[in-house]
Amino acid sequence: MDKRTVKAALLGVGTVGGGVYKLTQSLQADLVAKTGACFEIARILVKDLKKERPGIPRELLTDSWREIVEDPEIQMVIEVMGGIEPARTYIREALEAGKQVVTANKDLLAEHGQELLEAAAAHSCDLQFEAAVAGAIPIIRPLKQSLAGNHLTEVMGIVNGTTNYILSKMSDEGMDYQEALAKATELGYAEADPTADVEGYDAGRKMAIMACLAFNSRVTFSQVYTEGITQVSAADIRYAREFGYAVKLLGLARNTPEGIEVRVHPMLIPLEHPLAAVKDSFNAVFVHGDALDDAMFMGRGAGEMPTASAVLGDVIDEVRNLVHGCSGRVGCSCYKHLRVKPMEETENRFYLRILAENRPGVLAGIASVLGNNGVCIEQVVQRSKSRQAPYAELVIITDLVRESGFQDALTILRSLSTVQEIAGCLRVY
Ligand code: NAP
Ligand code: HSE
């Protein structure tokens, strides 16, 4: 059979790139049947040519980008190196050279998505990025295409595998934070610098990308409020469970009449909520739209093969587009200019764990600070080691309150001589 061959270059062959290479090898026959063309990874760009790479043919490796971008036979570039530069320049140059691009790089898209999508449109090329959000879960294509017949108003979920793995291990197996992080890194879930995972930046980037697609308006990572899990202690996880909640790192994006709300922070969610059952490296994304009502997408959010699965989906789509000569059909979806709402304007419920002096009147003093700032207490529990113990632990769950009012109350509480420490402060779903 005389089939044409689509040649691609893989930029990076680490965790994700290694998975992509393996998958293309094992899918060779299916790729031809699915697309009508043979698919070949013709070059692999790496930083260190001397590194041992079992299973990767040495003759494919290069450390020269020019060799790739100037090769007219290479029609597709699969960027799985990560980072902003040189990935940004390479993707722009690939598009300018008329090559299709598939990327898993959320850091880049969450800051420079507009520039790169414009470059793709200017050259009638595609820039596909299913793997950039929530690993194996198909969510980019649904937001851009399958759900385009809706006004979407909410996207919410667990979009970081590393932190979900850490929180699951801490709450279900009593594992300590450092050990759980080391395991997540060993399993290939964590970013090259895991600060991006544990501080909520990785999830924030994914929420920025999804907010753009869902609400058709540009949101960049710098506009996303982020808080990570480094302040979540085993004690908070225990108390949360006593109150009937699990602690999860949640991303929330809402399209409200006052503007788009986008944030990532740890949150107490009721144990009976479907997201409470999403464990380990699994991710889940809820979408609400006027026509569809609710939909939930769930799957592995990180790791070699789950991420490679999402990359391959885009690659196959691109090979089909090349075979049928129809690249560049689905471009940037941001045609509105909506305001992004500052965090202070949002409304939240809170869980507070306070170490306070163990004597009469202290609880009343704390309650009055909260009350004076519009914070209504929904539940309160006091624990002290003994009657004589100098400090008691107060655990409070508040009603819905404007974020700015709560932060004002917190500042005053921290300054009270009766308060030794605000030991835990988390939002509640
Ligand atoms: P990784 O294991 O660190 O691999 C990075 C690869 O890129 C390595 O092969 C490295 O070359 C190469 N590379 C880095 N900088 C380069 C440069 N300047 N020039 C040439 N090659 C360069 O990273 P990863 O975990 O596979 O992640 C890759 C991308 O996928 C990132 O954007 C990440 O955010 C995204 N992602 C990762 C996951 C996951 O679960 N890991 C999931 C979804 C998305 P050497 O081998 O020579 O060092
Ligand atoms: N570090 C990311 C995570 C990889 O843990 O979810 C997937 O984007």
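In each ligand, atom 1 is the first atom listed, and ligand 1 is the first ligand listed. Side chains included, hydrogens not; waters and symmetry mates left out as well; all remaining heavy atoms used.
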Task: Distance from atom 36 (N) of ligand 1 to nearest protein heavy atom, with residue and atom - done: Lys106 NZ, 3.5 Å
Open item on the list: For atom 5 (O) of ligand 2, what is the closest protein heavy atom, and at what distance to 0.1 Å?
Closed with: Thr162 OG1, 2.6 Å
Which of the ligand 2 atoms, numbered from 1, are nearer than 4.0 Å to a heavy atom of [X]:
X: Ala302; answer: 3 (C), 4 (C), 5 (O), 6 (O), 7 (C)
X: Gly301; answer: 6 (O), 7 (C)
X: Asp197; answer: 1 (N), 2 (C), 3 (C), 5 (O)
X: Lys106; answer: 4 (C), 7 (C), 8 (O)
X: Gly161; answer: 3 (C), 5 (O), 6 (O)
X: Asn160; answer: 2 (C), 3 (C), 5 (O), 6 (O)

For ligand 1, is there an atom lying under 4.0 Å from some heavy atom of [X]?
X: Glu79; result: no
X: Ala192; result: no
X: Pro86; result: yes

Under 4.0 Å between a side-chain nitrogen and a carboxylate oxygen: does that hold for [X] and [Y]?
X: Asp172; Y: Arg241; result: yes
X: Arg353; Y: Asp236; result: yes
X: Glu403; Y: Lys341; result: no
X: Asp202; Y: Lys106; result: yes

Task: Parallel, tilted or perpendicular: ring planes of Phe286 versus His273, cut at 30 and 60 degrees - done: perpendicular
Open item on the list: Is the ring pair Tyr165/Tyr189 parallel, tilted or perpendicular, if the boundaries are 30 and 60 degrees?
Closed with: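 If you compare the ring of Tyr165 with that of Tyr189, the planes turn out perpendicular.
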Open item on the list: Any protein heavy atom at under 4.0 Å, with atom 23 (O) of ligand 1 as the reference point?
Closed with: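 Answer no: nothing from the protein, no heavy atom, is under 4.0 Å.
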Answer with side chain, backbone, both or neither: which part of [X] has a heavy atom less than 4.0 angstrom from an atom of ligand 1?
X: Glu304; answer: neither
X: Ala302; answer: both
X: Val16; answer: both
X: Ala132; answer: neither

Open item on the list: Glu258 vs Arg339, test: salt bridge (Lys or Arg N to Asp or Glu O under 4.0 Å). Steps then yes/no.
Closed with: CA-CA 8 Å; Glu258 299 78 37; Arg339 169 180 189 256; over 6 Å; no
Open item on the list: Heavy-atom pairs closer than 4.0 Å: do any link ligand 2 to the side chain of Thr163, the backbone, both, or neither?
Closed with: neither
Open item on the list: Is the distance between the ring centroids of Phe221 and His112 under 6.0 Å?
Closed with: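 Between Phe221 and His112, which both carry aromatic rings, the centre distance is not below 6.0 Å.
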TODO: Using only heavy-atom distances, determine whether the side chains of Thr256 and Glu261 contain a donor-acceptor pair under 3.5 Å.
DONE: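 No, no side-chain donor-acceptor contact under 3.5 Å.
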Task: Reference residue Thr89; test side-chain hydrogen bond (donor to acceptor under 3.5 Å, both in side chains); the match among Glu93, Arg92, Glu85 - done: Glu85
Task: Test side-chain hydrogen bond (donor to acceptor under 3.5 Å, both in side chains) applied to Asn160 and Thr163, step by step - done: CA-CA 6 Å; Asn160 181 268; Thr163 46; 2.7 Å; yes
